[in-house]
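The shown structure was predicted, so the numbers you read here are calculated from the model rather than taken from an experiment. Worth knowing before you read on, the calculation uses all heavy atoms, side chains too, and leaves out hydrogens, waters and symmetry mates. Letters A, B, ... are given to chains in the order of the sequence lines, protein chains preceding strands, and every chain is numbered from 1.
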Amino acid sequence: NAGVTQTPKFRVLKTGQSMTLLCAQDMNHEYMYWYRQDPGMGLRLIHYSVGEGTTAKGEVPDGYNVSRLKKQNFLLGLESAAPSQTSVYFCASSVYNEQFFGPGTRLTVL
Amino acid sequence: ELKVEQNPLFLSMQEGKNYTIYCNYSTTSDRLYWYRQDPGKSLESLFVLLSNGAVKQEGRLMASLDTKARLSTLHITAAVHDLSATYFCAVDISSARQLTFGSGTQLTVLP
């Protein structure tokens with residue numbers, strides 16, 4: 001039981017490049033989330049999903065897109081990366097009243 | 001818009017001392033969470049508080065929730081160095097369990 005896993009762990013992009021972050025969970029959770037964490041701040045919700053095939057915007061969705069084609073996977077896409085998207089990205093999945101977080105992806109946009 | 005405020009943001013304390021971290025939030029909720037984060041690591045769930053008056057304890061940490069005051073506290077008893085970390089509170093007001101986080105309290109326990 002791996003819990004919540006994220007791929008990749010680190011990535012460096014140039015401004016304007018695109019990439020996709022993958023989140024996978026093996027706990028059969030319905031709800032999944034993408035957060036970003038900037039230095040000195042708490043996590044902020046980017047997008048979330050309450051089930052396969054559904055997505056919704058969170059607090060800071062601009063510049064990101066998501067997809068949930070399979071229940072166990074939640075993808076976060078950056079179509080045209082900007083330096084302001086340099087951050088640590090955490091994925092989480094939820095059951096009842098507890099969220100389980102992945103290890104994070106550290107993304108730098110130059 | 002839900003706002004979650006923690007104080008203090010930085011806390012330096014000596015081993016053996018007691019202290020309390022405060023978490024205030026702006027919208028009615030009866031679901032509050034405390035997490036711990038070590039540098040460069042993910043978030044570790046400490047406590048889930050689901051009703052007014054809820055109190056939970058684990059080792060040297062005790063968390064409580066007062067939904068009428070919109071306040072949660074994380075009390076540290078007889079601090080030890082291993083408790084050094086950043087502590088976040090988070091509030092959930094939606095059916096989709098979206099969390100709104102405080103800015104975190106960076107705790108350093110000195111020998």
Side-chain angles (χ1 to χ4, degrees), chain A residues 2-7 9-10 21 23-25 27 29-52 54-61 66 68 74 87-108, chain B residues 1-11 21 23-27 29-51 54 56 58 63 65 72 74 85-107:
Chain A
V4 180
T5 59
Q6 293 182 231
T7 309
K9 289 185 170 50
F10 303 93
L21 282 66
C23 176
Q25 52 97 1
M27 298 175 283
H29 290 170
E30 289 291 340
Y31 293 8
M32 296 186 74
Y33 312 83
W34 276 107
Y35 295 89
R36 62 177 287 174
Q37 184 178 31
D38 299 303
M41 298 180 67
L43 278 67
R44 291 183 293 167
L45 183 66
I46 304 171
H47 286 280
Y48 65 98
S49 168
V50 299
E52 181 179 318
T54 73
T55 63
K57 294 180 180 180
E59 180 186 355
V60 288
V66 288
R68 183 106 181 263
F74 194 27
S87 189
V88 180
Y89 292 85
F90 288 100
C91 175
S93 69
S94 173
V95 64
Y96 302 115
N97 293 301
E98 190 163 5
Q99 287 196 17
F100 298 84
F101 286 84
T105 295
R106 187 173 296 274
L107 175 66
T108 301
Chain B
E1 180 189 350
L2 171 62
K3 292 188 186 300
V4 180
E5 294 184 351
Q6 285 181 239
N7 69 83
L9 299 183
F10 299 93
L11 175 57
I21 298 171
C23 175
N24 293 273
Y25 54 98
S26 62
T27 303
S29 173
D30 57 3
R31 297 193 293 273
L32 190 133
Y33 308 79
W34 283 97
Y35 292 91
R36 167 181 172 145
Q37 186 179 40
D38 292 302
K41 303 294 186 181
S42 186
L43 277 74
E44 172 190 355
S45 178
L46 293 175
F47 300 108
V48 179
L49 304 171
L50 299 176
S51 62
K56 292 196 174 180
E58 180 74 33
L65 178 62
S72 179
L74 180 66
T86 299
Y87 294 84
F88 291 96
C89 65
V91 177
D92 164 16
I93 61 169
S94 74
S95 60
R97 304 179 202 131
Q98 305 162 56
L99 296 183
T100 299
F101 283 80
S103 298
T105 296
Q106 186 176 319
L107 171 66

Output for pair (A/E98 CD, B/R31 CZ), nearest 0.5 Å, gives 14.0 Å

Original post:
Heavy atoms, side chains only, cut-off 4.5 Å: are B/Y33 and A/N97 in contact?
Top reply: yes

Whatever's closer than 4.5 Å to a heavy atom in chain A on B/L99 counts as both

When rounded to the nearest 0.5 Å, the distance separating OG of B/S45 from CZ of A/F100 is 7.5 Å

Pair count under 4.5 Å, heavy atoms only, with chain A: among B/Q37, B/E44, B/Q6, B/Q106, highest is B/Q37

Is there a side-chain contact between A/Y33 and B/R97 in this structure, where contact means two heavy atoms from C-beta onward sitting under 4.5 Å apart?
yes

Main chain of A/G104, side chain of B/S42: is a donor-acceptor contact present, judged purely on distance under 3.5 Å? no

Heavy-atom nearest pair, A/Y48 first then B/A96, reads CE1-CB, 3.5 Å

For atom CZ of A/R106, is the number of surrounding heavy atoms from other residues, nucleotides or ligands below 6.0 Å larger than 12?
no

Turns out that what part of A/Y35 lies under 4.5 Å from chain B's heavy atoms comes down to side chain

Turns out that what part of B/L50 lies under 4.5 Å from chain A's heavy atoms comes down to side chain

Above 12 or not: heavy atoms from other molecules or residues under 6.0 Å from CD of A/E52? yes

So, the part of A/L43 with a heavy atom under 4.5 Å from chain B: the answer is both

Bottom line for A/V4: the part with an atom under 4.5 Å from chain B's heavy atoms is neither

Rounding to 0.5 Å, atoms CD (A/E59) and OG1 (B/T100) come to a distance of 6.5 Å

